[in-house]
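Just below is one structure, and these are the notes that go with it.
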Amino acid sequence: MKQIDTSPVVVIEGCRKFVKLHAPGRQYLIPITMDRAIDALGSEKFFRISRSYAVSLPDIVSIDLDVVSIAGMDIPLAKPYYKKLLARVYVLNNAL
């Protein structure tokens with residue numbers, strides 16, 4: 001099995017029974033569930049923003065009502081996750 005450097009991963013995208021890990025200039029398709037991928041990569045770093053996407057909190061560039069911008073990508077933000085994301089980002093900023 002091939003080892004993957006997960007440190008540059010900024011987005012986790014769910015694709016049925018696989019996830020696609022997005023890193024600058026690279027993508028990896030891994031046979032794992034979204035929840036297991038978030039746990040493996042660090043639930044303190046990654047936050048789920050819809051059924052299909054989780055993002056790296058430190059790498060977020062901007063947050064709008066329905067989009068999170070990160071590493072040159074616009075990722076859809078589901079309404080139920082908006083307030084939770086803002087609260088999580090607020091807590092992180094105050095901890096710095």
Side-chain angles (χ1 to χ4, degrees):
M1 182 166 258
K2 181 179 168 184
Q3 291 284 9
I4 298 171
D5 178 16
T6 59
S7 60
V9 173
V10 294
V11 175
I12 304 169
E13 179 183 359
C15 304
R16 298 188 185 208
K17 294 184 180 181
F18 291 81
V19 295
K20 189 182 294 184
L21 304 178
H22 295 266
R26 303 278 322 228
Q27 293 182 2
Y28 305 97
L29 191 62
I30 311 289
I32 190 173
T33 65
M34 175 73 90
D35 289 334
R36 288 190 61 207
I38 292 169
D39 288 342
L41 293 174
S43 58
E44 65 285 341
K45 178 181 177 184
F46 284 90
F47 188 82
R48 195 172 199 148
I49 62 167
S50 71
R51 287 185 65 199
S52 299
Y53 289 97
V55 296
S56 169
L57 293 170
D59 296 298
I60 292 174
V61 174
S62 68
I63 301 169
D64 291 322
L65 284 173
D66 59 351
V67 173
V68 172
S69 296
I70 185 168
M73 297 181 283
D74 289 334
I75 308 298
L77 171 59
K79 283 187 181 188
Y81 295 89
Y82 177 74
K83 287 184 180 178
K84 294 175 187 175
L85 176 61
L86 289 183
R88 182 73 182 271
V89 171
Y90 177 77
V91 168
L92 282 176
N93 284 335
N94 284 335
L96 296 177

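Note that the structure is predicted; figures quoted are calculated from it, not measured. One is the number of the first residue; the rest follow in order along the sequence.
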Distance in Å, Ile60 CD1 paired with Leu85 CG, rounded so as to fall on 0.5 Å steps:
5.0 Å

Do Leu21 and Ile12 have side chains that get closer than 4.5 Å, going by heavy atoms?
yes

Using side-chain heavy atoms (C-beta onward) and a distance below 4.5 Å, is Asp59 in contact with Val11?
no

First locate atom CD1 of Ile75, then atom CD1 of Ile63, and finally report the distance between them rounded to the nearest 0.5 Å.
13.0 Å

Could you give the distance from NZ (Lys79) to CG (Leu65), rounded to the nearest 0.5 Å?
8.0 Å

When rounded to the nearest 0.5 angstrom, what is the spacing between CG in Leu57 and OG in Ser43?
10.0 Å

Rounded to the nearest 0.5 Å, how far does CZ of Phe18 lie from CD1 of Ile32?
11.5 Å

Any salt bridge (Lys or Arg N to Asp or Glu O under 4.0 Å) pairs touching residues 28-42, not counting sequence neighbours?
Asp35-Arg48

Phe47 and Tyr81: which non-hydrogen atoms are nearest, and at how many Å?
CE2-O, 4.3 Å

Name the atoms and distances for all side-chain donor-acceptor pairs under 3.5 Å in residues 66-74, with sequence neighbours left out.
from, atom 1, to, atom 2, distance (Å)
Ser69, OG, Ser62, OG, 3.4
Ser69, OG, Asp74, OD1, 2.8

So the salt bridge (Lys or Arg N to Asp or Glu O under 4.0 Å) pairs with at least one residue in residues 11-22 (sequence neighbours excluded) are none

Reported CZ-to-CE distance for the pair Phe46 and Met34, which is rounded to 0.5 angstrom
10.5 Å

Verify same cluster id: Leu29, Tyr53 (apolar side-chain graph, 4.5 Å):
no

